[in-house]
Novice: 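One structure follows; several queries about it will come next.
Reckoned from all heavy atoms, side chains included, excluding hydrogens, waters and symmetry mates. Model, not experiment: these values are computed from the prediction.
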Amino acid sequence: MTEHLENLYLKKKELFKKLSKIGDFRTGTISVNYRKCGKKNCVCHNKNHPGHGPRYLWSTTIKGKSYSKHLKFGPELQKYEEEIQNYRHFLELSTELVAINEQICNAKPVVDSRDEHEREKLKKKLQKYLSRKYKEKFITSSVCSGLKGKNKGQ
């Protein structure tokens, strides 16, 4: 069992090394767009013509707000593409890290305190913490549901 834990810790350490080598990254996607202009006699209005372009648009959402930026073909487009690829690599490594860390947590034994006094203190501490935590959730949800019920009747 300790050998299994040691292997998991080695994997975790390797993942942290890989994470440190990723470099700069950003979220988002790059789309390629073709657009038709407003000139009636322009070639872009022909049936088989895709439109003017390509135009490259980077877009992302951060905290519910959308951002976008037109990118110039060349170094700017390449920079954004590399940063987005780095972000995808970061997500893969983070997912692996969480999975390995969960395996480590599951492999570690629960330490049982032998002292009865210590055990009672721990129980009281946990009961106080959990009752406060879930009481707040219960009060918040019941108040919200009570407000919903009042609004329906009016």
Side-chain angles (χ1 to χ4, degrees), residues 1-37 44 48-148 151:
M1 179 141 144
T2 57
E3 192 174 306
H4 178 66
L5 262 174
E6 288 176 16
N7 289 337
L8 289 172
Y9 276 115
L10 285 175
K11 286 181 184 178
K12 184 177 177 179
K13 191 174 182 180
E14 288 173 21
L15 284 172
F16 276 121
K17 281 182 184 177
K18 288 180 182 179
L19 277 169
S20 69
K21 293 178 183 177
I22 286 179
D24 297 332
F25 56 87
R26 71 173 67 229
T27 63
T29 58
I30 296 175
S31 60
V32 181
N33 301 312
Y34 293 86
R35 301 182 63 161
K36 300 197 184 268
C37 68
C44 69
N48 295 330
H49 196 278
H52 296 287
R55 292 185 66 174
Y56 301 94
L57 181 72
W58 166 78
S59 58
T60 190
T61 304
I62 301 171
K63 293 185 180 178
K65 184 169 166 72
S66 298
Y67 298 92
S68 61
K69 179 182 178 183
H70 287 283
L71 303 175
K72 294 177 185 168
F73 186 76
E76 185 179 33
L77 178 62
Q78 182 180 1
K79 177 184 179 287
Y80 274 69
E81 185 65 40
E82 288 172 2
E83 290 167 349
I84 291 170
Q85 289 294 62
N86 286 347
Y87 177 70
R88 290 184 183 137
H89 188 59
F90 166 77
L91 285 179
E92 290 172 6
L93 292 175
S94 297
T95 303
E96 283 182 55
L97 184 62
V98 169
I100 287 176
N101 214 57
E102 195 163 322
Q103 289 177 10
I104 290 171
C105 291
N106 290 336
K108 280 182 157 180
V110 176
V111 180
D112 188 25
S113 60
R114 305 259 181 213
D115 185 15
E116 187 67 32
H117 179 68
E118 242 182 84
R119 203 175 301 150
E120 286 301 317
K121 276 179 69 175
L122 180 63
K123 282 182 183 179
K124 285 181 182 179
K125 181 180 175 182
L126 287 173
Q127 283 176 340
K128 187 176 180 181
Y129 168 74
L130 292 174
S131 67
R132 189 179 310 140
K133 180 179 177 181
Y134 290 109
K135 189 175 185 180
E136 288 172 3
K137 279 187 175 182
F138 176 74
I139 290 171
T140 307
S141 64
S142 63
V143 167
C144 290
S145 63
L147 291 176
K148 288 178 186 174
N151 291 338

Novice: Would you say N106 and E102 make side-chain contact, with heavy atoms under 4.5 Å?
Specialist: yes

Novice: For the NZ atom of K12 and the CD1 atom of I104, what is their distance to the nearest 0.5 Å?
Specialist: 5.0 Å

Novice: For the residue pair K108 and Y9, what are the closest heavy atoms and their distance?
Specialist: CE-OH, 3.2 Å

Novice: Got L57 and L71 here, is their nearest side-chain heavy-atom distance under 4.5 Å?
Specialist: no

Novice: Can you give each donor-acceptor pair under 3.5 Å made by side-chain atoms of residues 72-80, sequence neighbours left out, with the distance rounded to 0.1 Å?
Specialist:
residue	atom	partner	partner atom	Å
E76	OE1	K72	N	2.8
E76	OE2	K69	NZ	3.0
Q78	NE2	E82	OE2	3.2
K79	NZ	E83	OE2	2.9
Y80	OH	K69	NZ	3.2

Novice: So which heavy atom on C37 is nearest to which on H52, and how close?
Specialist: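 Closest pair (atom of C37, atom of H52, distance): SG-NE2, 3.5 Å.
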
Novice: Just so I know, are the side chains of S59 and T29 near enough to count as touching, which here means a heavy-atom distance under 4.5 Å?
Specialist: yes

Novice: Calculate, to the nearest 0.5 Å, the distance between atoms OG1 and CD1 belonging to T60 and I84 respectively.
Specialist: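 Between atom OG1 of T60 and atom CD1 of I84 there are 8.0 Å.
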
Novice: Excluding sequence neighbours, so at least two apart, what forms side chain to side chain contact (heavy atoms under 4.5 Å, CB included) with I22?
Specialist: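 For I22, the residues satisfying side chain to side chain contact (heavy atoms under 4.5 Å, CB included) (neighbours in sequence not counted) are L19, F25, N86, H89, F90, L93.
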
Novice: Do other residues, nucleotides or ligands put more than 12 heavy atoms under 6.0 Å from R35 CZ?
Specialist: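 It does not: R35 CZ has 12 such atoms or fewer within range.
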
Novice: Measuring only between side-chain heavy atoms, which start at C-beta, is P54 closer than 4.5 Å to Y34?
Specialist: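 P54 reaches Y34 side chain to side chain.
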
Novice: Would you check, one step at a time, whether the test side-chain contact (heavy atoms from CB on, under 4.5 Å) holds for R55 with V32?
Specialist: CA-CA 6 Å; R55 292 185 66 174; V32 181; over 6 Å; no

Novice: Between E14 and K17, does the salt bridge (charged side-chain N to carboxylate O under 4.0 Å, His left out) criterion hold? Intermediate values first, please.
Specialist: CA-CA 5 Å; E14 288 173 21; K17 281 182 184 177; over 6 Å; no

